[in-house]
Visitor: 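Before I ask anything, here is the structure I am working with.
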Amino acid sequence: MKTDTDLKVNDFVRSKGNTTSVGVIQEIRERNGRMAASVRFPNGIRRVPIKQLELVPQEPEDAVEIVRKGQFSGPASLRQRLAHVRLSGNLSEIFYSMESSDTDFYAHQFKPVVKILDSPTGNLLIADEVGLGKTIEAGLIWTELAARFKYNRFLVVCPKVLCEKWRLELSTKFGVDARICDAAGLTELLSSTFHQKNGFVAICGMQGIRPRPKEKRGNKPADKLADLLEDGQVVDKLVDLLVIDEAHHMRNVGTQTNRLGELLCGTAVHTAMLSATPLNLHNRDLQTLLRFLDELTFRDEQALERIIRANQPLISARDAVLAGKPKEELSEKLEKAARDPILRNTSALKKLREDVTRHSTEFAPEQRAQIAKRLERLSPLSNVVNRTRRRDVEEFRVERKVSAYRSSMTPDERNVYDRITEEILRYAMDNDLPVGFLTVMPQRMLASSLPAALHHWKSKSVVTGFEDEEDVGNEENDSRKQPLAQQLSRVVSSLPSPGELETQDTKFISFLGTVKSHLDDNPDQKIVVFSTFRSTLKYLQRRLEAEGLNTCLLHGDTDDRVGVLSTFKTSKEAQILLASEVGSEGIDLQFARTLINYDLPWNPMRVEQRIGRIDRLGQTSETISVINLLHKNTVDERIYHRLHERLGLCKSALGGFEEILGQEINTLEAEILSNRLTEEEQEKRLIQAEQAIANRREEEDKLEREAASLIAHGDYILKSINESQGNKNWISDEDIVNYLEFALGSIDPGSDIRWEKTEGLVHVRLSGNGQFDFEEWCVGNRLEPGPLSRNSLPVTYRVGTQSSLTRHARLSPSHPLIRWLSSALSEKGGLNANATAVALEESQAAGLSPGMYVGTVQAWQYGSSSSSVMLAYSMADVSDEELISAELAEKVFNNCLAQAQKWQGASADVETDDIAGILETIVEPDLEDRFFEEAERRKVEMEDRISIQLETLEEHAIKQRASFAKIIEQSGPRLEAANKARLKKFEESLSKRKRQIEKQRIDESSTLPIGSILLRVTP
């Protein structure tokens, strides 16, 4: 090492008395024979006698020797060291997505993050029930993957009506600027070298990018996109993360939308499919979606059944170990699992069986939890499907208060209702029409609002004007709509006028009284009113505003849905939202707690979708009100009584039962409106339907329980997520700012940084040299440096979650500035291991008794994957030289970094040789044993993952080679050479992908000392 007389300007030095005080020499002066240096430390420039300085060593120093020398520092230096390791983006136990978005913390929303990282294919089906935040989960996945893998290509495909919602969610909650694009725009992003290099975030409506059959394609944008996607199946990926929302639209094999899903999934590194449809493991639809995500495992319809059988002994073993069953019973179940053909050659199962057999005593609770975790990681279903039900979420405990207001019709209303009903049924019988769209919709419009229906038919002379998307797809006898419309128009002319009915509208009178009463009691609350029919919505808007009540209107033809919702949410005057199901699809209204169904769809699934707009995660009220309006003595009332009130269908979320329920309702609707049943026969049919639905509900619940037991992570995963949040296993705003101050002070001494903590803003200015170095590094790493490399004034960033100023970029672990500083600091070698001496009060010591403790934290690296590094903690009691648990050691370390004070004079208060001896003979051997155990476990799990990926790649290659062979055979002489060149390119890409997969092997493992702590716990 250089002596003090060898030091020169720009050397990276530290104080001999405090080895964590690191800086850069700016100037050296001699005065009266004494040498002193001006050193820029992170907190400013200080003059220091040259004899008190030494060069920062390039090789890491041994932690034991640092302790033996008594070179203790305060907790700030260890915080800097840990922040540097954490910000690398490769720590397995750190959630880089946690606390890095403008979202509230819910543990279940991080389950998909864990699962997609653990998934051998990198793909996941998120099948959470409605209202649990699947959009947020997708955003968290992107945040996590971008931080770990440095990804920059993100594509969301969803129904067109949800595109704007996705854009807003990504912008306001994750600071991600997404572009909504059509087929032409997406083709540009996927084919452009510039965009493939520099990245993109795009949102596309799935309807506009569906591929037509090859023989029908021409020069349309969707045709060009289809050709590009088919060419993109040659292994080179075009998208880093693909999110498909409402993925159930792709379940029907042979459709254009199904083919779109197949093509998109083939071009993405990771795919997350979102769907709230029922989870039935014996359903072909589920197998279709899973095949998109894992083509090898779910290659045929029998594959899912085989996997379920293979899963059962694993789940049985997991339940046994968590229930505290004897070791012998666990071994028997593992042996049974190993006999299954799917699991027979699994290295991780073989290793687990060996570990269980080798263990001589019964397992401790912590060991049982680890075994359960390993068993679930073995499950072929566990890491490809995520399912969370509303009942499983602790924060989702909203009580629904459901009430019905029944109004009695006046004689005129009854006359109109009966005459129109008779005319509809007579027309259907005369024309031999089945009961369906043509007859049901006018009947439902009549039940919705008599004045609005009459006005509609009288003025427009058409049957339509509804917004029921499901029934739109079932239109039949289209040529007969107009005759029915004309007939209804003629009948209406002989009935009381719409104006006359309006003056005696008993349903509206009941509705108006309910609304005014609610607003009198809750003047600051919002009311959401639903109707299927646009004519009803416009009628209500006119009448409410005549009463001095301001409304917002939202239906399928509303252009500015975002503006309408913003007005409704923020304006004190706009207290009532009038909405249709189609107009409100995908919107979040949890800031309201009262919902009125002005008309009630017979299908409870539709009612549930309405209620789900306010009964969703983020609803702060403990109760919500659902008010249903009906006319007495109508079919609607009888159905409501039997199916809604008696079965309580509005009082709790229907979950996976919704689709089954809809099938029964459709059959019931056709029979009752056929006019072939007497009132008594209708009542009997309703009783039968009630019993049938109750039976189907129990059957569906049973299937759901089976699915949950086979695919869900156990409670340990939610527990570990909550512990991560509690232990602050995430990058906080303080971590980032402290790291910036230290790193910039070391790398770019001429820079400035100012933190407005309460505002959640940090202002950064680089020096001229810093701007040059930063921009040069970004160019070399294919990153956009942004204004920081150009502006002479400070650039403002958001940190933490306090700031709502989304115009400022968020400073997260994946930001180019953080990545540059981390890289530069590593190259400079300015963060070597150190020892910290701290004091902590007993109340802050996570349960430790007063006394002295010594511990070490290391970084363990296994290979070079996105989760290749983990932090490991070990700590011993100095008095009895006994180890405390690793979990407790981690908590103590975190508490020390957050709350402890520096132990002044620690080196004089203790025998440093004795403390170093405990580290050397107890703490470090414990870490060494655990390191090798973890290395072996990770190695076998990675071998299984690589095996699955290579088999999947080969399966894909066989299909593509067959496709190329067919194309070459059918192509003429002019195209044969070009197609053979494409095949050659495919083989080259295939070899490249194989090498990438093989690189995941854990051939090298290493430990890196981070630092040691000497802790004094005081009473």
Side-chain angles (χ1 to χ4, degrees), residues 42-43 74-89 91 93-107 109-110 113 136 139-140 142-144 146-148 170-176 721-748 751-766 786-788 794-822 825 831 871 893-900:
N43 57 353
S77 60
L78 186 55
R79 274 198 295 268
Q80 292 164 358
R81 175 75 166 153
L82 275 171
H84 179 67
V85 175
R86 285 174 163 176
L87 286 165
S88 69
L91 280 180
E93 72 273 23
I94 290 291
F95 283 99
Y96 292 95
S97 50
M98 195 175 285
E99 298 294 320
S100 64
S101 62
D102 295 315
T103 60
D104 296 326
F105 171 77
Y106 297 106
Q109 292 182 338
F110 287 88
V113 175
I136 299 300
L140 292 172
W142 171 247
T143 304
E144 191 76 27
R148 289 181 179 277
L170 292 175
S171 173
T172 57
K173 294 195 167 56
F174 297 95
V176 173
I721 291 169
N722 279 309
E723 285 180 350
S724 290
Q725 206 261 350
N727 291 341
K728 294 191 175 182
N729 282 348
W730 38 270
I731 307 298
S732 70
D733 51 351
E734 193 165 2
D735 289 333
I736 289 176
V737 174
N738 288 342
Y739 185 70
L740 276 177
E741 290 174 341
F742 169 73
L744 284 173
S746 303
I747 303 302
D748 186 21
S751 61
D752 293 318
I753 177 172
R754 181 170 60 87
W755 183 22
E756 293 183 71
K757 186 172 184 178
T758 57
E759 300 299 320
L761 299 173
V762 62
H763 311 279
V764 181
R765 184 190 63 80
L766 299 181
L788 190 62
V795 176
T796 302
Y797 298 99
R798 288 190 298 154
V799 290
T801 58
Q802 292 93 338
S803 177
S804 59
L805 300 175
T806 56
R807 67 177 182 272
H808 299 304
R810 180 180 294 280
L811 207 55
S812 65
S814 59
H815 193 278
L817 175 61
I818 300 295
R819 292 171 59 183
W820 169 60
L821 291 173
S822 176
L825 209 53
L831 284 173
L871 294 176
F893 263 85
N894 286 330
N895 286 4
C896 287
L897 296 178
Q899 304 174 59

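These numbers come from the heavy atoms of this one structure, side chains and all, not from hydrogens, waters or symmetry mates.
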Visitor: For Leu740 and Leu811: C-alpha separation, side-chain torsions, deciding distance, then whether side-chain contact (heavy atoms from CB on, under 4.5 Å) applies.
Guide: CA-CA 10 Å; Leu740 276 177; Leu811 207 55; 3.3 Å; yes

Visitor: Ala83 and Tyr739: which non-hydrogen atoms are nearest, and at how many Å?
Guide: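 Heavy-atom minimum between the residues: CB-CD1, 4.1 Å.
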
Visitor: Applying side-chain hydrogen bond (donor to acceptor under 3.5 Å, both in side chains), name anything that partners Arg819, two or more places apart in sequence or on another chain.
Guide: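 side-chain hydrogen bond (donor to acceptor under 3.5 Å, both in side chains) list for Arg819, sorted by chain: empty.
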
Visitor: Report the distance from atom CZ of Phe893 to atom CG of Leu78, rounding to the nearest 0.5 Å.
Guide: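 These two atoms lie 7.0 Å from each other.
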
Visitor: For the atom pair CG (Asp733) and CZ (Arg798), what is the distance rounded to the nearest 0.5 Å?
Guide: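 If I round to the nearest 0.5 Å, the distance is 12.5 Å.
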
Visitor: Give the minimum heavy-atom separation between His808 and Leu761, together with the two atoms involved.
Guide: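 For His808 and Leu761, the tightest heavy-atom pair comes out as CD2-CD2, 4.0 Å.
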
Visitor: What residues form a side-chain contact (heavy atoms from CB on, under 4.5 Å) with Ile136, not counting sequence neighbours?
Guide: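 If we apply the side-chain contact (heavy atoms from CB on, under 4.5 Å) test to Ile136, skipping adjacent residues, the hits are Thr103, Gln109, Leu140, Glu169, Lys173, Phe174.
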
Visitor: Between atom CD1 of Ile736 and atom CG of Leu817, what is the distance when rounded to the nearest 0.5 Å?
Guide: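 Separation between the atoms: 10.0 Å.
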
Visitor: When rounded to the nearest 0.5 angstrom, what distance separates OG1 in Thr796 from CD in Glu759?
Guide: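 Rounded to the nearest 0.5 Å, the OG1-CD separation comes to 11.5 Å.
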
Visitor: With Glu756, which residues qualify under side-chain hydrogen bond (donor to acceptor under 3.5 Å, both in side chains), at least two apart?
Guide: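 Scan of Glu756 (side-chain hydrogen bond (donor to acceptor under 3.5 Å, both in side chains), adjacent residues dropped) gives His763.
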
Visitor: For Ala146, what residues pass the side-chain contact (heavy atoms from CB on, under 4.5 Å) criterion, not counting sequence neighbours?
Guide: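 Result, side-chain contact (heavy atoms from CB on, under 4.5 Å) vs Ala146: Trp142.
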
Visitor: Output the distance between atom CG (Leu788) and atom NE2 (His815), rounded to the nearest 0.5 Å.
Guide: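 Taking CG in Leu788 and NE2 in His815, the distance rounds to 7.5 Å.
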
Visitor: I need the minimum non-hydrogen distance between Pro75 and Ala900, along with the two atoms involved.
Guide: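 Looks like CG-O, 3.7 Å.
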
Visitor: Side chains of Leu82 and Leu871, heavy atoms from C-beta outward: is any pair under 4.5 Å?
Guide: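 Heavy-atom side-chain distance check passes, below 4.5 Å.
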
Visitor: Side chains of His84 and Phe742, heavy atoms from C-beta outward: is any pair under 4.5 Å?
Guide: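 When only atoms from C-beta onward are counted, Phe742 and His84 do not touch, as no gap falls below 4.5 Å.
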
Visitor: I'd like to check the salt bridge (Lys or Arg N to Asp or Glu O under 4.0 Å) partners of Arg765; sequence neighbours left out, ordered by chain and number.
Guide: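 Residues passing salt bridge (Lys or Arg N to Asp or Glu O under 4.0 Å) with Arg765: Asp752.
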
Visitor: Would you mind reporting whether Leu744 and Leu766 have side-chain heavy atoms less than 4.5 Å apart?
Guide: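 SC-SC contact between Leu766 and Leu744 confirmed.
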
